[in-house]
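Here is the structure we will look at.
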Amino acid sequence: MIRLKNEKQIDGIRKSCKMLSAMYRELIPQVKPGVQTIDIDHWVRDWIKKAGGKPVFLGYRMKKNPYPAAICVSINEEVIHGIPSKRRVREGDLVSLDCGIDLGGFISDQAVSVEAGRVSKQVRDLNAATLECLRRGIAAVKAGDRLLQISRAVENHAKSFGYGIVQEYCGHGVGLALHEDPQVPNYPHGPNPKMNNGMVMAIEPMINMGTADIEILDDEWTVVTADGQVSAHWEHTVAVFNGKTEVLTEPLEQFVFV
Ligand code: MF3
Ligand code: CO
């Protein structure tokens with residue numbers, strides 16, 4: 001069931017989204033060679049607490065074991081759900097960050113892939129193309145149109161480079177819970193509801209340099225590419241209301257592509 005949000009609820013979700021993007025604007029410059037990913041998590045927990053929000057991912061359950069951190073940090077072949085650890089970021093890494101905030105019951109969700117130092121041209125191209133997949137997906141959001149045109153826009157762009165599109169994970173309704181209906185896949189598949197006023201969605205292409213195949217590590221969270229090649233991930237929270245599309249989270253690319 002798709003929960004349509006009223007204007008008050010969208011106001012609350014917007015505030016949560018602005019808070020999350022403000023957090024990222026301070027965090028991204030710290031994601032440099034030498035930093036430990038656990039220190040990123042500690043900084044994020046502290047920032048969200050001080051701002052008056054709650055980290056939605058911390059303790060979140062998809063299967064059995066709860067996610068143990070406030071942010072997902074997924075490096076290179078890690079696609080999503082990387083668990084912060086003593087691992088240090090290295091020059092040339094592609095560091096995907098994914099985080100959500102609960103602000104007074106209103107949930108935001110945003111992801112960005114950060115380039116640590118100088119990355120290879122191949123990695124930069126993948127990262128730029130994944131961001132462009134997200135932009136094209138968002139451009140396909142139109143009140144009254146069908147949802148899978150988002151998926152088609154993302155897929156077409158990724159395929160034009162021969163990249164692999166992760167199929168097992170997808171975007172989702174968001175705002176009153178982290179994962180709501182509808183699913184927003186990155187290739188056309190499954191239910192194709194109309195995009196109505198009041199819909200709030202997280203759109204999040206996960207694009208692999210090599211094949212689309214993924215595996216899950218023994219920690220039951222970390223999703224990695226099966227072929228060990230690099231993967232990128234960008235995400236925005238987007239609302240449809242009054243016949244218009246509003247991207248509720250703020251752009252972050254100016255902090256990544258400097
Ligand atoms: N941001 C992820 C998503 O969009 C959720 C991460 S799962 C969690 O679905 F457990 F870390 F919260
Ligand atoms: Co999401």
Side-chain angles (χ1 to χ4, degrees), residues 2-3 5 13-14 16-17 19-21 23-24 27 37-38 40-42 44-45 48 53-75 78-85 95-103 105-114 130-131 133-135 137-138 141 147 150-151 154 165-187 190 199-207 214 216-224 231-239 247-250 252:
I2 298 173
R3 283 198 276 181
K5 282 82 178 174
I13 300 164
R14 184 188 295 109
S16 179
C17 287
M19 179 181 281
L20 179 58
S21 300
M23 187 278 287
Y24 272 123
L27 172 60
T37 60
I38 192 75
I40 293 175
D41 183 56
H42 289 149
V44 167
R45 288 189 199 213
I48 294 174
K54 280 189 285 192
V56 229
F57 293 7
L58 184 64
Y60 187 81
R61 282 167 198 274
M62 293 217 303
K63 297 145 274 178
K64 296 151 278 183
N65 69 331
Y67 188 72
I71 187 166
C72 303
V73 183
S74 310
I75 300 178
E78 296 173 350
V79 179
I80 48 167
H81 302 169
I83 298 175
S85 70
V95 184
S96 298
L97 306 171
D98 189 354
C99 191
I101 292 178
D102 175 339
L103 181 64
F106 298 110
I107 314 293
S108 49
D109 192 4
Q110 184 169 24
V112 56
S113 290
V114 178
T130 304
L131 171 61
C133 283
L134 174 57
R135 288 200 180 122
I138 292 169
V141 177
L147 181 142
I150 301 170
S151 318
V154 170
I165 303 161
V166 175
Q167 306 208 337
E168 289 83 350
Y169 298 88
C170 59
H172 48 93
V174 66
L176 303 177
L178 178 58
H179 292 133
E180 301 180 31
D181 285 342
Q183 297 212 49
V184 184
N186 294 310
Y187 68 106
M199 272 180 73
V200 180
M201 292 175 284
I203 302 177
E204 49 179 319
M206 289 151 263
I207 306 296
I214 53 112
I216 300 176
L217 298 186
D218 287 339
D219 63 22
E220 296 182 324
W221 278 104
T222 312
V223 178
V224 297
S231 185
H233 182 206
W234 286 78
E235 177 180 29
H236 273 303
T237 297
V238 176
V247 185
L248 300 177
T249 40
E250 300 275 347
L252 297 171

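Only a predicted model underlies this, so the values are computations on that prediction, with no experimental measurement involved. Throughout, numbering of the chain's residues begins at 1 and tracks the sequence. In listed order, ligands and their atoms are each counted from 1.
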Discussion item. Heavy atoms only, cut-off 4.0 Å: how does His172 contact ligand 1, side chain, backbone, both, or neither?
Written reply: side chain

Practice prompt. Go through Ile107 and Glu180 one step at a time and tell me if the side chain to side chain contact (heavy atoms under 4.5 Å, CB included) criterion holds.
Written response: CA-CA 11 Å; Ile107 314 293; Glu180 301 180 31; over 6 Å; no

Worksheet item: What N/O/S atom of Asp109 is the closest to the Co ion (ligand 2)?
Response: OD2

Worksheet entry | Pair Ser231-Ile214, side chain to side chain contact (heavy atoms under 4.5 Å, CB included): steps then yes or no | CA-CA 10 Å; Ser231 185; Ile214 53 112; over 6 Å; no

Worksheet entry | Stepwise side chain to side chain contact (heavy atoms under 4.5 Å, CB included) test for Val73 and Leu97 | CA-CA 5 Å; Val73 183; Leu97 306 171; 4.1 Å; yes

Item to complete: Classify the contact between Cys72 and ligand 1 as side chain, backbone, both or neither, using a heavy-atom distance cut-off of under 4.0 Å.
Response: side chain

Worksheet item: Within the side chain of Thr237, is there an N or O that forms a donor-acceptor pair under 3.5 Å with the backbone of Ser108?
Response: no

Worksheet item: Can you tell me the protein heavy atom closest to atom 1 (N) of ligand 1 and the distance?
Response: Asp98 OD2, 2.7 Å

Fill in: Shortest protein heavy-atom distance from atom 4 (O) of ligand 1, along with the residue and atom involved
Glu204 OE2, 2.6 Å

Worksheet item: How does Asp109 reach ligand 1, if at all, at less than 4.0 Å between non-hydrogen atoms: by side chain, backbone, both, or neither?
Response: side chain

Discussion item. Just to be sure I read this right, does ligand 1 sit under 4.0 Å from the backbone of Leu178, its side chain, both, or neither, counting only heavy atoms?
Written reply: side chain

Item to complete: Give a yes/no verdict on whether any heavy atom in Glu235 is under 4.0 Å from an atom of ligand 1.
Response: yes

Practice prompt. Taking atom CD of Glu250 as the centre, report whether more than 12 heavy atoms of other residues, nucleotides or ligands fall under 6.0 Å from it.
Written response: yes

Discussion item. Please list the nearest protein heavy atom to atom 9 (O) of ligand 1 with its residue and the distance rounded to 0.1 Å.
Written reply: His179 NE2, 2.4 Å

Worksheet item: Do you know which N/O/S atom name in Glu235 is closest to the Co ion (ligand 2)?
Response: OE2

Practice prompt. Would you please say whether a donor-acceptor pair under 3.5 Å links the side chains of His81 and Tyr169?
Written response: no

Worksheet item: For Trp221, is at least one N or O under 3.5 Å away from an N or O on ligand 1?
Response: no

Discussion item. Below 3.5 Å, N or O to N or O, backbone or side chain included: is there any such pair between Tyr67 and ligand 1?
Written reply: no

Worksheet item: Short question: side chain of Trp234, backbone of Cys133 - any donor-acceptor pair under 3.5 Å?
Response: no

Fill in: Protein residue, atom and distance nearest to atom 7 (S) of ligand 1, heavy-atom basis
His81 NE2, 3.6 Å

Worksheet, complete the sentence: Partner of Thr249 under side chain to side chain donor-acceptor pair (under 3.5 Å), picked from Arg14, His236, Glu235, is His236

Worksheet item: So, is His172 placed with an N/O/S atom under 2.8 Å from the Co ion (ligand 2), counting both backbone and side chain?
Response: yes

Item to complete: Mind running side chain to side chain contact (heavy atoms under 4.5 Å, CB included) on Thr37 and Asp41 for me, showing each step along the way?
Response: CA-CA 7 Å; Thr37 60; Asp41 183 56; over 6 Å; no

Discussion item. Testing the 3.5 Å rule here: is there a donor-acceptor pair between the side chains of Ser96 and Ser74?
Written reply: no

Item to complete: Provide the atom name of the closest N, O or S atom of Glu204 relative to the Co ion (ligand 2).
Response: OE2

Worksheet item: Does Asp98 bring an N, O or S atom to under 2.8 Å of the Co ion (ligand 2)?
Response: no

